[in-house]
2 protein chains.
Amino acid sequence: MLDGKKRAVTLGHPCPIRDVLDRIGDQWSLLVLATLEPGVKRFSQIEREIGDISKQMLSKTLRRLEQDGFVLREVHAEVPPRVEYRLTPLGHSFLDPMRALIRWADENHAAITAARQEAGAA
Amino acid sequence: MLDGKKRAVTLGHPCPIRDVLDRIGDQWSLLVLATLEPGVKRFSQIEREIGDISKQMLSKTLRRLEQDGFVLREVHAEVPPRVEYRLTPLGHSFLDPMRALIRWADENHAAITAARQEAGAA
DNA sequence: CAGGATCCCATCAGATACTG
DNA sequence: CAGTATCTGATGGGATCCTG
């Protein structure tokens with residue numbers, strides 16, 4: 001499921017949405033995209049800025065983002081190696097709707113927390 | 001991680017965002033919310049409309065959405081039992097930013113697919 | 001009808017160690 | 001520096017059976 005078999009619904013359609021949602025649900029993709037928003041950065045720079053991501057996950061995440069056309073990867077043939085990442089236009093445009101969502105989260109987080117408290121109390 | 005320990009970043013802040021993102025990353029929450037958008041529905045009605053969700057996951061998802069204040073659950077004391085679900089105002093308002101994201105997904109899905117093809121070909 | 005309980009597997013993600 | 005490889009543990013989620 002989820003791969004190619006998920007002929008599902010997602011609001012009535014065949015489902016381009018899941019493809020996108022998987023990229024924000026996976027804990028790191030969004031964070032990486034946000035980190036890259038200001039401009040070009042190298043691997044370890046991203047790693048440091050995020051702080052608690054493992055090399056492995058950063059690597060995986062970057063590769064998937066690259067394959068999906070959100071991120072551009074540029075390898076410089078030097079020693080020591082230097083690899084730079086930047087957002088593609090697609091990557092940038094994706095952050096627009098995401099910002100709206102993040103704003104909503106900020107504004108309504110209190111309500112969610114309150115609801116949880118109530119649920120816990122009741 | 002993810003529970004309470006994730007002091008992380010998510011765009012620079014402490015992180016109310018993860019709470020929200022977890023609800024769209026989990027495969028079913030969004031689908032259930034979307035199904036409930038038109039109005040009140042009962043358990044098996046949602047089940048049928050989504051089609052490929054198990055009772056268990058539907059139950060879990062609904063309970064979490066209820067606890068988070070997205071969904072209202074109403075039990076009618078009848079035999080056989082009737083339980084109805086509806087979106088709260090919070091639930092409805094959440095769908096606004098989500099619609100923007102879904103629109104983006106629709107518009108850009110082709111680009112993503114194309115990028116994958118290219119990545120696969122290269 | 002609307003679930004809860006249990007079993008089981010696939011995937012996610014961290015930790016550690018190794019390499020060009 | 002920028003990764004890859006391997007092992008491991010935590011979830012997510014499906015299937016099946018049981019109940020008020």
Side-chain angles (χ1 to χ4, degrees), chain A residues 1-10 18-19 21-32 35-36 40-67 71-86, chain B residues 1-10 18-19 21-32 35-36 40-67 71-86:
Chain A
M1 294 278 179
L2 210 294
D3 340 69
K5 304 179 54 181
K6 192 85 173 120
R7 65 302 188 213
V9 201
T10 312
R18 279 255 67 90
D19 274 353
L21 258 41
D22 287 350
R23 226 106 278 123
I24 39 181
D26 79 351
Q27 193 77 208
W28 297 120
S29 294
L30 176 61
L31 213 43
V32 170
T35 305
L36 284 177
V40 182
K41 287 180 185 162
R42 16 197 324 194
F43 189 90
S44 40
Q45 196 173 358
I46 304 172
E47 196 182 1
R48 269 194 309 279
E49 289 190 26
I50 294 188
D52 57 348
I53 189 174
S54 65
K55 285 165 176 283
Q56 194 191 42
M57 284 317 297
L58 181 53
S59 179
K60 276 190 189 175
T61 303
L62 282 168
R63 240 177 305 122
R64 188 157 41 189
L65 289 174
E66 191 197 357
Q67 289 186 341
V71 159
L72 209 77
R73 178 187 140 117
E74 215 167 336
V75 185
H76 300 268
E78 306 173 358
V79 178
R82 181 163 55 100
V83 184
E84 292 181 329
Y85 296 91
R86 80 190 69 222
Chain B
M1 293 278 178
L2 212 294
D3 340 67
K5 302 179 56 184
K6 194 82 171 120
R7 62 311 188 202
V9 201
T10 313
R18 280 255 69 87
D19 273 354
L21 258 42
D22 288 350
R23 228 105 275 127
I24 40 182
D26 78 352
Q27 193 78 205
W28 296 121
S29 294
L30 177 61
L31 213 42
V32 170
T35 305
L36 285 177
V40 182
K41 285 179 187 164
R42 13 194 329 192
F43 189 90
S44 39
Q45 197 174 356
I46 304 172
E47 195 182 1
R48 269 193 310 277
E49 289 190 26
I50 294 188
D52 58 348
I53 189 173
S54 64
K55 284 164 177 283
Q56 194 193 40
M57 284 317 296
L58 180 53
S59 180
K60 275 190 191 177
T61 303
L62 282 169
R63 241 177 304 122
R64 190 159 37 193
L65 289 174
E66 191 198 356
Q67 289 185 342
V71 159
L72 209 78
R73 176 187 142 117
E74 214 168 337
V75 185
H76 299 268
E78 305 171 358
V79 178
R82 181 163 56 98
V83 183
E84 293 181 330
Y85 296 90
R86 81 190 66 223

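In the text below, chain A, chain B and the rest are named by the order of the sequence lines, each starting its count at 1.
B:Arg63 has its CZ atom 8 Å from the C1' atom of C:dG4, to the nearest Å. Between A:Glu74 atom CD and D:dG3 atom P the separation is 13 Å, expressed in whole Å. Separating the CG atom of B:Asp22 from the P atom of C:dA13 is a distance of 10 Å, rounded to the nearest angstrom. Across the protein-nucleic acid pair, B:Arg23 atom CZ and D:dT11 atom C1' stand 14 Å apart, rounded to whole Å. Distance, A:Glu78 CD to D:dG3 P: 14 Å, rounded to whole Å. Residue A:Arg82 contributes atom CZ, which lies 18 Å from atom C1' of C:dG20 at whole-angstrom precision. If you take CZ of B:Arg18 and P of D:dT11, they are 15 Å apart, rounded to a whole angstrom. In this structure, B:Ile24 places its CD1 atom 15 Å from P of D:dG12, rounding to the nearest Å.
Within the 3.5 Å criterion, the main-chain N or O of A:Ser29 finds a donor-acceptor partner in the side chain of A:Asp26. Judged purely by atom type and a 3.5 angstrom limit, A:Arg82 has no side-chain atom pairing as donor or acceptor with the backbone of A:Glu78. Listed for the A:Glu49 side chain is no donor-acceptor partner under 3.5 Å among the backbone atoms of A:Ile46. Side-chain atoms of B:Ser54 come within 3.5 Å of backbone N or O of B:Met57 as a donor-acceptor pair. In this structure, the side chain of B:Lys41 engages the main chain of B:Thr35 through a donor-acceptor pair within 3.5 Å.
Between A:Ser44 and the phosphate of D:dA2, there is a side-chain N or O to OP1/OP2 separation shorter than 4.0 Å. Within the 4.0 Å cut-off from OP1 or OP2 of C:dA2, at least one side-chain nitrogen or oxygen of B:Arg42 is found. One finds a side-chain N or O of A:Tyr85 lying less than 4.0 angstrom from the OP1 or OP2 phosphate oxygen of D:dG3. Here B:Arg73 reaches the OP1 or OP2 of C:dG3: one of its side-chain N or O atoms lies under 4.0 Å away. OP1 or OP2 of D:dA2 has not a single side-chain nitrogen or oxygen of A:Ser59 nearer than 4.0 Å.
Here the CD-CD distance, from B:Glu74 to B:Glu66, works out to 11.0 Å after rounding to the nearest 0.5 Å.
Which of C:dG14, C:dA2, D:dC1 sits closest to the side chain of B:Val83 comes down to C:dA2. The side chain of B:Lys55 has C:dA2 as its nearest neighbour among C:dA2, D:dG14, D:dA2. Listed nucleotides: C:dG3, D:dG3, D:dG20. Nearest to the side chain of A:Phe43: D:dG3. Taking only side-chain atoms of B:Trp28, from C-beta outward, the nucleotide of C:dG3, D:dG13, C:dC1 with the closest atom is D:dG13. Between C:dC1, D:dC1, C:dG3, one nucleotide has an atom nearer to the side chain of A:Pro81 than all others, and that is D:dC1. Counting only heavy atoms from C-beta on, A:Met57 has its side chain closest to C:dA13 among D:dG3, C:dA13, D:dG13.
The base of D:dT16 does not come close enough to the side chain of B:Gln56 for any donor and acceptor atom to sit less than 3.5 Å apart.
The residue among B:Lys60 and B:Arg48 whose nearest nucleotide of DNA chain C is located toward the 5' end is B:Arg48.
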